[in-house]
**Student:** 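If you scroll down you'll find the structure; I have some questions about it.
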Protein chains: 2
Amino acid sequence: MFSTLCPSREILNHVTSRWGVLVLSALMDGTHRFSELRRKIDGVSEKMLAQTLQQLEMDGFVDRVSYPVVPPHVEYSLTPLGEQIGVQIDSLVDWIESNLPKIMKAQQARQG
Amino acid sequence: MFSTLCPSREILNHVTSRWGVLVLSALMDGTHRFSELRRKIDGVSEKMLAQTLQQLEMDGFVDRVSYPVVPPHVEYSLTPLGEQIGVQIDSLVDWIESNLPKIMKAQQARQG
DNA sequence: CCGGATCCGTATAGATACTG
DNA sequence: CAGTATCTATACGGATCCGG
């Protein structure tokens, strides 16, 4: 188990953050604009989306391309590194979705 | 993309929480006592460890066995469901660890 | 003594309103 | 449209207490 404040921990915290997971998963479908991501990721605020995208960009997982037009046009996509970690994330998300019935049933059994 | 406050989101938040990831990963090595986990997971406070273990227990990923002796003896282990999701988590953690050099280099390149 | 529960202060996550 | 500024909520750590 690696130690506090080491780089791995920072990366892990960014990637597994509440919105980091969903952003990476969303970008697995391809390039998206800011507002597209905002609509696609239910419940995310503008601030958290911007912040999460900046973190993932600094970590080298997300590529940001800004076109100098008005109104602004910015496109986000995964870098090769981002696609690789996106596979891991999607695997986790898919596992939860497909095993949700089992999980719920296990929760219920524990209640009784 | 599933919506806010749906069960999948809750599970995902627990599992990918700051300490949830590390607890699941630690328990992949087998049964641990509370204090063992506390030592193994660098930087976790007693409060957050207890809280995280309770969440994961309620979700059906962690099994808690308390022996009525003095001093108290409590053992934590993964349920079958927990082991399955632990595999996903470990896969993610391992990927980050083994790709850390690449990630750091990508970060550096972005700085220059 | 171990495994928590509880209270409190602070740091960060988060929503809302505003700007270029 | 794509963000920032400002404000509020909650996550978190630390100290303390407690029951077995």
Side-chain angles (χ1 to χ4, degrees), chain A residues 1 3-6 9-24 26-27 30-59 62-78 110, chain B residues 1-6 9-24 26-27 31-59 62-77:
Chain A
M1 192 72 55
S3 67
T4 318
L5 290 185
C6 76
R9 279 281 188 99
E10 284 297 308
I11 304 292
L12 198 57
N13 287 337
H14 293 167
V15 167
T16 67
S17 71
R18 184 168 185 185
W19 304 114
V21 172
L22 301 174
V23 166
L24 288 172
L27 287 178
T31 301
H32 288 73
R33 300 185 59 173
F34 187 88
S35 50
E36 287 172 351
L37 286 173
R38 181 135 165 61
R39 274 190 301 274
K40 188 163 187 170
I41 301 172
D42 188 77
V44 70
S45 68
E46 293 180 2
K47 180 194 164 181
M48 290 316 295
L49 180 56
Q51 183 175 308
T52 303
L53 284 168
Q54 284 167 15
Q55 284 178 346
L56 294 176
E57 189 195 357
M58 290 205 307
D59 290 339
V62 164
D63 200 19
R64 178 183 185 276
V65 178
S66 172
Y67 299 94
V69 295
V70 48
H73 185 113
V74 182
E75 290 187 345
Y76 293 94
S77 58
L78 293 181
R110 206 162 288 269
Chain B
M1 192 73 54
F2 35 70
S3 67
T4 318
L5 290 185
C6 75
R9 279 281 188 100
E10 285 296 309
I11 304 292
L12 198 56
N13 288 338
H14 293 167
V15 167
T16 67
S17 71
R18 184 169 184 186
W19 304 114
V21 173
L22 301 174
V23 166
L24 288 172
L27 287 178
T31 301
H32 288 73
R33 298 185 58 173
F34 186 87
S35 49
E36 287 172 351
L37 286 173
R38 182 136 165 59
R39 274 191 300 275
K40 188 163 188 170
I41 302 172
D42 188 76
V44 70
S45 67
E46 291 183 5
K47 180 189 165 184
M48 291 316 296
L49 180 55
Q51 185 175 308
T52 304
L53 284 167
Q54 284 167 12
Q55 283 178 346
L56 294 176
E57 190 194 356
M58 291 204 307
D59 290 339
V62 164
D63 200 20
R64 178 184 185 275
V65 178
S66 172
Y67 298 95
V69 295
V70 49
H73 185 112
V74 182
E75 290 186 345
Y76 293 95
S77 59

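Numbered from 1 within each chain, the chains take letters A, B, ... in sequence-line order. All heavy atoms count here, side chains included; hydrogens, waters and symmetry mates do not. Not measured: the values here are computed from a predicted model.
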**Student:** What pairs with B:Val65 under side chain to side chain contact (heavy atoms under 4.5 Å, CB included), at least two apart in sequence or on another chain?
**Tutor:** B:Asp63, B:Tyr67

**Student:** Only distances under 3.5 Å count here; give the side-chain donor-acceptor pairs of residues 44-54 of chain A to other protein atoms, sequence neighbours excluded, each with its distance to 0.1 Å.
**Tutor:**
| from | atom 1 | to | atom 2 | distance (Å) |
| --- | --- | --- | --- | --- |
| A:Ser45 | OG | A:Met48 | N | 3.3 |
| A:Thr52 | OG1 | A:Met48 | O | 2.6 |

**Student:** Search all heavy atoms of B:Ser66 against all heavy atoms of B:Val74 and return the closest pair with its distance.
**Tutor:** OG-CG2, 4.0 Å

**Student:** List the residues meeting side-chain hydrogen bond (donor to acceptor under 3.5 Å, both in side chains) with B:Arg64, not counting sequence neighbours, and say none if there are none.
**Tutor:** B:Tyr76

**Student:** Just the rounded figure in Å: distance from C1' of D:dG3 to NE2 of A:His73.
**Tutor:** 15 Å

**Student:** What is the distance, rounded to the nearest whole Å, between atom CG of B:Leu49 and atom C1' of C:dG4?
**Tutor:** 10 Å

**Student:** Rounded to the nearest Å, what distance is computed from the CG atom of residue A:Asn13 to the P atom of nucleotide C:dT12?
**Tutor:** 12 Å

**Student:** Test of understanding: with side-chain hydrogen bond (donor to acceptor under 3.5 Å, both in side chains), list the residues that count as partners of B:Ser3, not counting sequence neighbours.
**Tutor:** none

**Student:** Check side-chain hydrogen bond (donor to acceptor under 3.5 Å, both in side chains) between B:Arg33 and all other residues, then give those that pass, not counting sequence neighbours.
**Tutor:** B:His73

**Student:** Could you tell me which non-hydrogen atom of B:Leu37 sits nearest to which non-hydrogen atom of B:Ala26, and how far apart they are?
**Tutor:** CD2-CB, 4.0 Å

**Student:** Quick one: A:Phe34 CZ to D:dG3 C1', roughly how many Å, whole number?
**Tutor:** 6 Å

**Student:** Output yes when at least one side-chain N/O atom of A:Tyr76 is less than 4.0 Å from OP1 or OP2 of D:dG3, else no.
**Tutor:** yes

**Student:** Looking across every strand, which nucleic acid part, if any, lies under 4.0 Å from A:Glu75 by heavy atom: base, sugar-phosphate, or nothing?
**Tutor:** nothing

**Student:** Closer than 4.0 Å, any side-chain N/O of A:Arg39 to the OP1 or OP2 of D:dA2?
**Tutor:** no

**Student:** Ignoring backbone atoms, establish whether A:Arg33 has a side-chain N or O less than 4.0 Å from OP1 or OP2 of D:dA2.
**Tutor:** yes

**Student:** Rounded to whole angstrom units, what separation is found between the CZ atom of B:Arg38 and the P atom of C:dG3?
**Tutor:** 11 Å

**Student:** Starting from P on C:dA13, measure out to CG on A:Leu53 and report it in whole angstrom.
**Tutor:** 15 Å

**Student:** What string of B, S and - do you get for nucleotides 7-20 of chain D, 5' to 3', if B is base contact, S is sugar-phosphate-only contact and - is no contact with any protein heavy atom under 4.0 Å?
**Tutor:** -----BBB----BB

**Student:** Bend across the helix from C:dC1-D:dG20 to C:dG20-D:dC1, to 10°, with axes taken over 5 pairs at each end?
**Tutor:** 30°

**Student:** Apply side chain to side chain contact (heavy atoms under 4.5 Å, CB included) to A:Arg39 and list each qualifying residue two or more places apart in sequence or on a separate chain.
**Tutor:** A:Ser35, A:Glu36

**Student:** Rounding to a whole Å, what distance do you find between B:Leu37:CG and C:dC2:P?
**Tutor:** 15 Å

**Student:** Using a heavy-atom cut-off of 4.0 Å across all strands, would you classify B:Arg64 as base, sugar-phosphate, or nothing?
**Tutor:** sugar-phosphate

**Student:** Sequence neighbours left out, what pairs pass side chain to side chain donor-acceptor pair (under 3.5 Å) with at least one residue falling in residues 9-22 of chain B?
**Tutor:** B:His14-B:Asp59

